[in-house]
Each structure stands twice: as C-alpha cells, then as structure tokens.
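Just so we're on the same page: letters track the sequence lines, and every chain starts at 1.
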2 protein chains.
Amino acid sequence: MVKPSSDLSCISCDFSSFCSIEDHDTVKHFRTFKRNEIVYRANDKFFNLYAIKKGVIKSFQIDTEGNELIRKFNFRGEILGYEAIHNRHFPFSAIALCETTVCEIPYENFFNMIQTRPALMEHLLHLISEQLTAGSYLDMNTAEQRLASFILDLIARLRSTNTSELVLPMTRQDIGNYLRLATETVSRIFSRLQKNKILKIDHKNIRILKHHKLMEIADVASNKTRNNTHADL
Amino acid sequence: MVKPSSDLSCISCDFSSFCSIEDHDTVKHFRTFKRNEIVYRANDKFFNLYAIKKGVIKSFQIDTEGNELIRKFNFRGEILGYEAIHNRHFPFSAIALCETTVCEIPYENFFNMIQTRPALMEHLLHLISEQLTAGSYLDMNTAEQRLASFILDLIARLRSTNTSELVLPMTRQDIGNYLRLATETVSRIFSRLQKNKILKIDHKNIRILKHHKLMEIADVASNKTRNNTHADL
DNA sequence: CGAGGAATTGAACTAGCTCAATACTTGTGG
DNA sequence: CCACAAGTATTGAGCTAGTTCAATTCCTCG
C-alpha cells in the first residue's frame with residue numbers, strides 16, 4: 001500500500017480504493033517521465049495500467065501519412081490504459097507533457113486481485129463505464145463552444161483548489177489538433193474571449209473572468225438548430 | 001438458456017457466451033418494439049442491459065433547446081446500456097428504427113452471475129473496453145470521409161453475408177445529425193459518390209461498386225496535413 | 001389517394017482554413 | 001550568461017467546404 005505522502009494526489013486518485021488493499025504494494029511501483037518522454041507507444045503490448053500521480057499525459061495516434069491525431073489528455077488522479085484491455089495492445093501512444101510521475105499497475109495482478117472482491121470489480125466497471133460518455137467536444141458546433149467546453153473541462157479535471165485560474169499544459173497546436181481546429185483558430189478564439197472580457201490570457205496562464213458566460217457559450221451555444229424530430233422527449 | 005432458433009442472431013451476439021450458462025434463462029426475456037417506439041428514455045433508471053436480437057436502435061440526447069443529438073446506432077448482436085452502469089441512469093434515450101426485438105438482461109442478476117466466473121467477467125470488461133475506441137467519425141476532416149467511414153462501418157456491423165449491399169435503416173437526416181453534417185450535405189455527397197461510380201444509390205438501398213475506392217476515401221483522405229510533431233513515432 | 005415527411009438540387013452565404021508575415025518564448029551551446 | 005535557433009503564438013487576407021434558405025420532386029403510409 002502506498003502511504004499517503006505530502007503529495008496529496010493519491011487521495012483523489014480514481015484508483016485510491018484499490019490502493020487500500022493490504023497486499024497490493026507488491027504489484028505497483030512508480031515511474032517518472034521527463035517532458036516529451038514516451039510512456040508507451042501505439043501497438044505496444046499492454047501489461048500495465050497507469051495512474052497519474054503528478055503531471056499530464058497526452059494520448060495520440062499517427063495516421064497513415066504521419067500526422068498526429070490527439071485522442072485525449074489525462075491529468076493527476078486519472079487512469080490510462082482501459083482501451084487496451086480488450087486486445088492487450090495500446091491503441092494510442094502516450095507522452096508526458098511535463099515532468100510526470102505515474103503508478104505502474106500490472107493489469108494481470110490487478111485483475112486477479114479484484115476478482116475475489118466484487119465491490120472493487122464493480123468500481124472498475126464503473127470507472128470504465130464512465131469513460132464511455134466522457135468528454136469529446138467534437139459534437140459541438142462552433143469553435144468557440146469547443147474551446148469553452150475544453151477550458152471548463154480542464155478546470156474541473158485539474159483538481160485544483162483554484163477554479164478560476166489554470167496553466168495550460170499543452171500548446172495551442174495540441175488544443176487545435178484535439179478539437180479539430182486550426183491552430184490559428186484557437187489563437188483567434190482566445191483573443192476574442194479576452195476581448196470580450198470572459199478570459200484573461202497571458203500565454204499559458206488563463207484566468208476565467210466570467211465563468212457563467214463561459215458556460216453559456218459551452219452549453220447554450222450548442223443549441224443551434226439541428227434536425228430535431230423528437231424534441232418532445 | 002435460449003435455444004438456437006431459426007433466427008441466427010444469438011450466434012453472433014456479443015453476449016452469446018453468457019447465454020450458454022445453464023441457469024441463465026431465469027433472468028432474461030424478450031421484448032419487441034415497433035418502429036419509432038421508445039426503448040428507454042434519457043435519465044430513466046438503469047435496470048437492464050439490452051441485447052439486440054433483430055432490428056436497429058438509435059441512441060440520442062435532447063439538448064437544452066430541444067434539438068436531437070444522435071449518439072450511436074446499434075445493430076443485431078450488439079449490447080446497449082454499458083454507459084449507464086456507472087451511475088445507474090441512462091445518459092441517452094433509445095428508440096427502435098424498425099421492428100426490433102431485444103433481450104432484456106437485468107444487470108443486477110447478470111453482475112451477480114458473472115462475479116463467480118472470472119472468464120465471463122473478463123469478457124464483459126473486454127466488450128466495454130472495446131467500446132472506448134469504437135467508431136466516431138467526427139475526427140475525420142471532410143464530409144466525404146465521414147460518410148465513407150460510416151458506410152464501411154455499417155457494412156461491417158450489419159453482420160450480413162452480403163458485404164456489397166445494404167439497406168440504410170436511418171434517414172439522411174439521422175445520418176447528418178450523427179455525422180454533424182447538414183442533411184443536404186449528406187444528400188450531395190451520396191450523389192457525388194454515385195456520379196463517381198463508387199456507390200449505386202436507390203433511396204435506402206446502397207450498393208458498393210468500388211469497395212477499395214471507398215476505403216481510400218475513408219482512410220487516405222484523412223491524411224490532410226495536420227499539426228504533426230511526432231511523425232517519427 | 002392524399003398528405004406529410006424525406007430527398008434532391010440550386011444559389012448565396014459564412015465559419016473556419018490556408019497561406020503568409022511577424023513577434024514572442026524557450027532551451028541549448030559556446 | 002548571453003545569443004541564437006527552433007518552436008510557439010498572433011494577426012491579417014483571401015479562399016473553400018459545408019451551411020442555410022428555398023423550391024421541387026419523390027416516397028410512404030394511414
């Protein structure tokens with residue numbers, strides 16, 4: 001078992017309930033990655049799940065012409081690798097965006113451990129089930145909506161005490177790639193949100209001046225007329 | 001246990017391995033829905049998983065202004081409800097697109113049943129894990145790519161012996177909504193694909209004339225230049 | 001058989017993209 | 001510790017894929 005340290009990350013980790021199992025310390029150890037260091041590559045054989053103790057990890061694929069296609073960003077307390085369970089190979093590559101420490105959890109041991117513990121098995125199912133509806137912004141109509149939703153999601157997931165300020169861990173290029181927008185569009189939208197006094201932007205530092213406005217953009221703006229046949233439901 | 005009938009659907013059902021458990025017949029029964037009949041509504045309490053024996057089910061949400069937002073289509077042999085496991089409520093509504101028969105599987109019983117059977121528990125995990133990377137086309141750049149990928153995915157998932165012909169179970173409007181394209185765009189792309197002798201279209205009936213061309217559009221066309229920093233991976 | 005939904009096609013419009021130029025930031029080696 | 005190179009960000013101008021609006025035809029099903 002990992003003893004709670006001065007680093008509080010374990011407390012809010014998705015896997016904290018697994019850590020409290022007494023005999024679990026044998027199947028886990030830490031690894032630290034430097035900025036831009038590869039955690040695993042797409043098609044690598046899947047042996048471990050990774051819990052992020054500290055840092056940020058970007059998951060991506062490379063298409064047939066060598067273009068990067070970012071699939072997700074993951075933060076402290078989140079787990080990587082669920083999508084590799086079914087065929088024992090990682091579908092994505094994963095790279096650290098800053099100095100990042102992970103908890104390496106051998107899946108075989110892990111699965112054996114929780115097999116005899118229905119409550120934990122259920123917890124795992126819940127965590128994976130949750131991922132099925134987790135944030136994709138590609139269904140939002142406008143660039144502004146996507147970016148607003150993205151910022152709000154970041155704020156929520158960074159698990160920081162300060163919910164009105166954040167430091168972007170990724171580049172504009174990465175954001176654009178992830179949201180399927182040109183880098184220039186991301187930059188322009190940021191400028192616009194700043195001009196409209198909704199955000200205060202200083203390079204990677206973002207302060208949310210009007211939280212409600214941001215939510216309005218993310219939510220209400222998604223209400224452009226779409227084919228609606230069952231509005232009565 | 002459901003005895004194999006003249007209807008072959010159980011054989012290729014994702015849950016067939018669960019059906020072979022001897023005492024399982026007590027926890028399952030069939031329901032048939034007419035066209036446009038609701039299977040369940042978003043926010044309904046989650047009690048059952050649904051295996052589609054026959055037919056097609058559309059899952060969708062209604063946004064704050066009453067617009068429909070289609071999340072997925074499911075076909076014979078596929079399971080609905082995984083995304084409701086974590087909070088015991090369906091995040092989407094589900095509606096039959098044609099006469100549809102489902103196998104209603106009480107989740108509580110089901111979970112109890114497989115708890116003592118590690119192999120089945122693992123199978124369930126694999127099925128859900130698989131869903132994490134299952135087809136969204138919104139990451140594709142052009143309308144043509146999305147539609148081509150969509151058609152190819154349909155062909156694969158309809159589990160028909162004939163892989164060059166299909167009958168669309170949904171309207172152009174539904175396709176457009178799902179792919180985030182205007183209905184008119186869907187129509188225009190279909191026309192173009194027909195003009196280019198890649199598809200033969202007769203209303204809902206589609207014949208694939210040049211399978212390789214369609215795959216080229218879906219795959220290769222996704223290779224528009226994107227921000228690529230790690231092309232070497 | 002008639003009506004309302006579904007599909008097609010055209011014309012004009014626009015959000016976001018591409019191309020291009022410039023400025024700023026960061027990390028590295030002398 | 002500074003300078004320089006490479007990466008990162010911003011902004012403008014013009015372009016284009018896809019949308020919106022509109023008109024017409026074609027189905028389907030009660």
Side-chain angles (χ1 to χ4, degrees), chain A residues 34-37 58 67-68 95 97-99 137-138 140-148 167-195 199 201-206 217 221-231, chain B residues 34-36 58 67-68 97-99 137-148 167-195 199 201-206 217 221-232:
Chain A
K34 287 194 293 285
R35 187 166 125 78
N36 290 328
E37 211 177 329
K58 169 175 94 174
N67 303 305
E68 182 173 323
I95 191 171
L97 289 189
C98 56
E99 175 139 327
Y137 314 98
L138 304 184
M140 317 229 97
N141 295 302
T142 70
E144 202 174 42
Q145 276 172 70
R146 291 189 202 172
L147 197 55
V167 179
L168 288 176
M170 71 290 286
T171 64
R172 305 285 195 270
Q173 206 176 38
D174 277 349
I175 296 173
N177 184 310
Y178 182 58
L179 301 179
R180 309 299 138 189
L181 298 172
T183 308
E184 295 92 329
T185 303
V186 175
S187 198
R188 272 186 256 271
I189 305 275
F190 270 139
S191 299
R192 189 157 80 218
L193 290 173
Q194 172 152 256
K195 204 183 70 189
L199 299 181
I201 296 157
D202 172 30
H203 306 104
K204 301 276 188 185
N205 305 298
I206 297 199
I217 293 170
S222 74
N223 301 328
K224 287 187 57 182
T225 315
R226 205 197 298 278
N227 319 316
N228 57 326
T229 11
H230 300 286
Chain B
K34 288 195 288 288
R35 188 167 125 77
N36 289 328
K58 171 175 95 174
N67 303 306
E68 182 173 322
L97 289 189
C98 58
E99 175 140 325
Y137 315 99
L138 303 184
D139 52 8
M140 318 229 95
N141 296 301
T142 69
E144 202 173 42
Q145 275 171 71
R146 291 189 201 171
L147 197 55
V167 178
L168 288 176
M170 71 290 286
T171 63
R172 306 283 196 271
Q173 207 179 35
D174 278 349
I175 296 173
N177 184 309
Y178 183 58
L179 301 179
R180 308 300 136 188
L181 298 171
T183 309
E184 297 92 327
T185 304
V186 174
S187 198
R188 274 187 254 272
I189 305 275
F190 269 139
S191 299
R192 187 157 82 218
L193 289 173
Q194 172 152 256
K195 206 183 71 190
L199 299 181
I201 295 158
D202 173 28
H203 306 103
K204 301 276 188 184
N205 305 297
I206 297 199
I217 291 169
S222 74
N223 299 331
K224 288 188 57 183
T225 315
R226 203 196 302 275
N227 319 316
N228 56 326
T229 12
H230 298 286
D232 55 318

To the nearest Å, how far apart are A:Arg180 CZ and C:dA15 C1'?
-> 18 Å
Side-chain contact, heavy-atom cut-off 4.5 Å: B:Lys58 with B:Met170?
-> no
Axis deviation across the helix from C:dC1-D:dG30 to C:dG30-D:dC1, five-pair ends, to the nearest 10° = 50°
For B:Tyr137 and B:Arg146, which heavy atoms make the closest approach, and how far apart are they?
-> O-CG, 3.3 Å
Looking only at C:dG16, D:dT19, C:dT18, the nucleotide nearest the A:Thr142 side chain is C:dG16
One should read off an interatomic distance between A:Ile206 CD1 and A:Leu168 CG, to the nearest 0.5 angstrom, of 4.0 Å
Would you name the heavy atoms of B:Ile201 and B:Gln194 that are closest together and state the gap between them?
-> N-OE1, 2.8 Å
To the side chain of B:Glu184, which of D:dA22, C:dG16, D:dT19 is closest?
-> D:dA22
For B:Asn177 and D:dT20, give me the distance from atom CG to atom P, rounded to whole Å.
-> 12 Å
Please tell me if the side chains of A:Ile217 and A:Leu193 come closer than 4.5 Å, counting only heavy atoms from C-beta onward.
-> yes
Return the value, rounded to whole Å, for the distance between atom CG of A:Leu181 and atom P of D:dA17.
-> 18 Å
Are A:Gln173 and A:Val186 close enough that some pair of their side-chain heavy atoms sits under 4.5 Å apart?
-> no
Hey, are the side chains of B:Thr185 and B:Leu179 touching, using non-hydrogen atoms and a 4.5 Å cut-off?
-> no
At under 4.0 Å, does any side-chain N or O of A:Ser191 touch on OP1 or OP2 of D:dT11?
-> yes
Do you know which two heavy atoms are closest between A:Gln145 and A:Met140, and how far apart they sit?
-> OE1-CB, 3.7 Å
Rounded distance in Å - CD (A:Gln145) to P (C:dG16) = 9 Å
Before giving the answer on side chain to side chain contact (heavy atoms under 4.5 Å, CB included), spell out for A:Leu181 and A:Ile189 the whole-Å C-alpha distance, their side-chain angles and the decisive distance to 0.1 Å.
-> CA-CA 11 Å; A:Leu181 298 172; A:Ile189 305 275; 5.6 Å; no
Verify the contact: side-chain N or O of A:Arg172 to OP1 or OP2 of D:dT8, cut-off strictly under 4.0 Å; return yes or no.
-> no
Short side-chain N/O contact to C:dA7 OP1/OP2 from B:Ser187, under 4.0 Å = no
Answer with base, sugar-phosphate or nothing: what part of the nucleic acid does B:Thr171 contact at a heavy-atom distance below 4.0 Å?
-> sugar-phosphate
CG of A:Asn205 versus P of D:dA9: gap in Å, rounded?
-> 12 Å
Report the distance from atom CG of A:Leu147 to atom P of C:dA15, rounded to the nearest whole Å.
-> 17 Å
Spacing of A:Asp174 atom CG relative to D:dT8 atom P, expressed in whole Å = 8 Å
What's touching nucleotides 23-26 of chain C from the protein side, N or O pairs under 3.5 Å?
residue	atom	partner	partner atom	Å
C:dT25	OP1	A:His203	NE2	3.3
C:dT25	O5'	A:His203	NE2	3.4

Between D:dT20, D:dG12, C:dA7, which one does the side chain of A:Arg188 approach most closely?
-> D:dG12
Grab the CD1-P distance between A:Ile175 and C:dC17 for me, whole Å please.
-> 14 Å
Rounded to the nearest 0.5 Å, how far does CG of A:Asn177 lie from CG of B:Asp139?
-> 10.5 Å
